[in-house]
**Q** 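Mind having a look at this structure? Questions to follow.
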Amino acid sequence: MAHEIRIVTEAELRGAVRLDPTAIDVVEAAFAALAQGGVVMPPILSMDLPAANGEVDVKTAYIAGFDGFAIKVSPGFFDNPALGLPSLNGLMILFSARTGLVEAVFLDNGYLTDIRTAAAGAVAARHLAPERVETAGVIGTGVQARLQMQAAHLVRPFSRVLVHGRNHGRAEACAAALEQALGIPAEAVPDAAELVGRSQLVVTTTPARSPVLMAEWLHPGLHVTAMGSDQAGKTEIEPAALAAADLYVCDRVSQCAIAGELEAARAAGLMAADPPELGQVVTGAVPGRQRADQVTICDLTGTGAQDTAIATHAFATTGQAGTRIRT
């Protein structure tokens with residue numbers, strides 16, 4: 001019996017899958033499923049390639065009740081921009097959860113990963129950021145810096161955005177793009193401490209291996225989402241900041257302990273006990289922000305459950321798009 005597989009390109013995916021409230025809800029449901037059980041999610045297969053200034057991650061998860069499950073291959077080669085190429089690319093393969101047959105191949109070049117990662121930041125902001133955010137800041141100037149601010153704006157419609165990066169010219173370009181996309185004032189800030197001090201919501205989006213946000217910068221009413229640390233040895237947040245926060249939340253403790261902010265904190269002798277996970281906050285099993293003056297931090301390493309969720313969403317929303325082949 002012939003089986004049909006759909007091959008969908010990045011351009012087709014961009015036309016159908018957007019960073020919108022539906023995508024955020026889809027990813028939020030994946031976090032809830034992680035907290036409730038019924039998810040099979042093996043450890044990330046990760047390769048660090050220092051000779052090429054690159055890395056490759058392979059993620060997957062089976063979520064009970066979903067029609068399919070995804071396997072995602074995500075290379076990141078950070079010298080690519082000098083060649084006129086994006087840092088991130090890759091693809092997702094969607095399999096039937098009933099038969100194991102390939103349903104679709106999404107040649108997304110990292111687009112679906114970008115969407116689901118930004119959506120996860122919005123989920124964190126929805127449950128952990130103050131109800132009222134006037135100013136949001138992002139440390140980092142790449143694609144994810146822009147998407148994280150756009151996603152956060154959907155759940156906390158702030159009126160000003162600040163951008164900090166090692167390259168001030170790139171920070172200015174990122175700020176200009178955000179000002180146009182969001183229709184609000186955006187400013188490149190040379191000093192990261194100033195950015196944090198002026199913001200109620202901060203997202204770090206860098207591949208840093210030494211902290212870009214220090215504990216002494218924390219202030220009442222601040223929420224920080226750190227999403228850049230997804231490999232052993234990376235760290236964006238000073239370990240003391242995690243211990244100082246009123247609430248520190250991981251997307252997946254087992255991942256954050258070896259490839260997120262929790263890794264560095266434990267190496268420093270801090271955070272011995274397991275923190276709660278974002279899914280527990282989403283489901284209400286663990287309280288999120290309870291007071292406006294709390295300091296909260298969310299550590300996002302990226303989960304296979306998010307990939308399965310966004311791939312399933314993409315399969316539904318792309319409809320008849322793509323090339324069909326029979327096997």
**Q** List the steps and the verdict of side chain to side chain contact (heavy atoms under 4.5 Å, CB included) for T318 and R6.
**A** CA-CA 10 Å; T318 49; R6 189 142 51 99; 2.8 Å; yes

**Q** For N53, look at atom CG and say whether over 12 heavy atoms of other residues, nucleotides or ligands are found less than 6.0 Å away.
**A** yes

**Q** Hey, does T60 have a side-chain heavy atom less than 4.5 Å from the side chain of L45?
**A** no

**Q** Is there a side-chain contact between V138 and R146 (heavy atoms, below 4.5 Å)?
**A** no

**Q** Would V133 and H223 satisfy side chain to side chain contact (heavy atoms under 4.5 Å, CB included), going step by step from the backbone distance to the final call?
**A** CA-CA 10 Å; V133 175; H223 170 70; over 6 Å; no

**Q** Check the pair E131 / R156 against salt bridge (Lys or Arg N to Asp or Glu O under 4.0 Å), numbers first and verdict last.
**A** CA-CA 7 Å; E131 284 293 329; R156 291 292 189 273; 3.7 Å; yes

**Q** Given side chains that start at C-beta, do those of V203 and M149 come closer than 4.5 Å, heavy atoms only?
**A** yes

**Q** Side chain to side chain contact (heavy atoms under 4.5 Å, CB included), that's the test. Do W217 and E238 meet it? Break it down for me.
**A** CA-CA 10 Å; W217 302 349; E238 185 181 20; over 6 Å; no

**Q** Do the non-hydrogen side-chain atoms of F31 and E277 ever get within less than 4.5 Å of each other?
**A** no

**Q** Treat each ILVMFWY residue as a node, draw an edge where side-chain heavy atoms are under 4.5 Å apart, and state whether F95 and L91 are in one component.
**A** yes

**Q** Evaluate D25 against R126 for salt bridge (Lys or Arg N to Asp or Glu O under 4.0 Å), listing each step before the verdict.
**A** CA-CA 11 Å; D25 290 344; R126 177 185 278 169; 3.2 Å; yes

**Q** Do side-chain atoms of E261 reach the backbone of D299 as a donor and acceptor pair under 3.5 angstrom?
**A** no

**Q** Checking the side chain of E134 only, and the main-chain atoms of Q200 only, is there a donor and an acceptor separated by less than 3.5 Å?
**A** no

**Q** Hey, does the side chain of K59 reach the backbone of G302 with a donor-acceptor pair shorter than 3.5 angstrom?
**A** yes

**Q** Supply the atom-to-atom distance S210 OG to K234 NZ, rounded to the nearest 0.5 angstrom.
**A** 13.0 Å

**Q** If you compare all heavy atoms of A30 against all heavy atoms of A305, which two are closest, and at what distance to 0.1 Å?
**A** CB-O, 3.6 Å

**Q** Check the pair L19 / L147 against side chain to side chain contact (heavy atoms under 4.5 Å, CB included), numbers first and verdict last.
**A** CA-CA 8 Å; L19 181 55; L147 290 177; 4.1 Å; yes

**Q** May I ask you to test the D114-Q144 pair for a side-chain heavy-atom distance under 4.5 Å?
**A** yes

**Q** Ignoring hydrogens and angles, tell me if any N or O in the side chain of R289 forms a donor-acceptor pair with the backbone of G221 under 3.5 Å.
**A** no

**Q** How long is the span from the CZ atom in F106 to the CD atom in E12, to the nearest 0.5 Å?
**A** 10.5 Å

**Q** Report whether L201 and V224 are members of the same hydrophobic cluster (ILVMFWY, side-chain heavy atoms less than 4.5 Å apart, transitive linking).
**A** no

**Q** Within the side chain of H164, is there an N or O that forms a donor-acceptor pair under 3.5 Å with the backbone of V189?
**A** yes

**Q** Using side-chain heavy atoms (C-beta onward) and a distance below 4.5 Å, is N109 in contact with P86?
**A** no

**Q** Counting only N and O atoms by type, is there a donor-acceptor contact under 3.5 Å from the side chain of R116 to the main-chain atoms of A119?
**A** no

**Q** Take atom CZ of R166 as the centre, draw a 6.0 Å sphere, and report whether it contains more than 12 heavy atoms from other residues, nucleotides or ligands.
**A** no

**Q** Do D246 and T296 have side chains that get closer than 4.5 Å, going by heavy atoms?
**A** no

**Q** Tell me if the CZ atom of R198 is crowded by more than 12 foreign heavy atoms within 6.0 Å.
**A** yes

**Q** D57 side chain to S46 main-chain N or O, any donor-acceptor pair under 3.5 Å?
**A** no

**Q** Just by distance, do the side chain of S96 and the backbone of T99 share a donor-acceptor pair under 3.5 Å?
**A** yes

**Q** Are there more than 12 heavy atoms of other residues, nucleotides or ligands under 6.0 Å from atom CZ of R291?
**A** yes

**Q** Hydrophobic cluster membership, with links at side-chain heavy-atom distances under 4.5 Å among I/L/V/M/F/W/Y: are I24 and M227 in one?
**A** yes

**Q** Of all the heavy-atom pairs spanning A70 and L94, show the shortest one and how long it is.
**A** N-CD1, 4.2 Å

**Q** Any non-hydrogen side-chain atom of T9 less than 4.5 Å from a side-chain atom of R14?
**A** no

**Q** Is there a path of hydrophobic side-chain contacts, each under 4.5 Å between heavy atoms of I/L/V/M/F/W/Y residues, joining V123 to I297?
**A** no

**Q** For a quick test of reading the model, state the closest non-hydrogen atom pair linking L247 to V249 and the distance between them.
**A** CG-CG2, 3.7 Å

**Q** From T327 OG1 over to H3 NE2, what is the distance, rounded to the nearest 0.5 angstrom?
**A** 5.5 Å

**Q** List the atom of F69, the atom of A61, and the distance in Å for their closest heavy-atom pair.
**A** CB-O, 3.3 Å

**Q** Quick one: does any side-chain atom of H219 pair with a main-chain N or O of V196 as donor and acceptor, under 3.5 Å?
**A** yes

**Q** When you group the ILVMFWY residues by side-chain heavy-atom contacts below 4.5 Å and let the links chain together, are V143 and I310 in the same group?
**A** yes

**Q** Would you name the heavy atoms of H313 and T22 that are closest together and state the gap between them?
**A** CE1-CG2, 3.6 Å

**Q** So, taking the atom named CG in L300 and the one named SG in C250, what distance separates them when rounded to the nearest 0.5 Å?
**A** 9.5 Å

**Q** Please find the pair of heavy atoms, one from G90 and one from P75, that lie closest to each other, and give the distance.
**A** CA-CD, 3.6 Å

**Q** If you measure from OG1 on T204 to CD1 on I139, what distance do you get to the nearest 0.5 Å?
**A** 6.5 Å

**Q** To the nearest 0.5 Å, how far apart are OG1 in T301 and CZ in R252?
**A** 10.0 Å

**Q** Where the side chain of H153 meets the backbone of F158, is there a donor-acceptor pair that is under 3.5 Å apart?
**A** yes

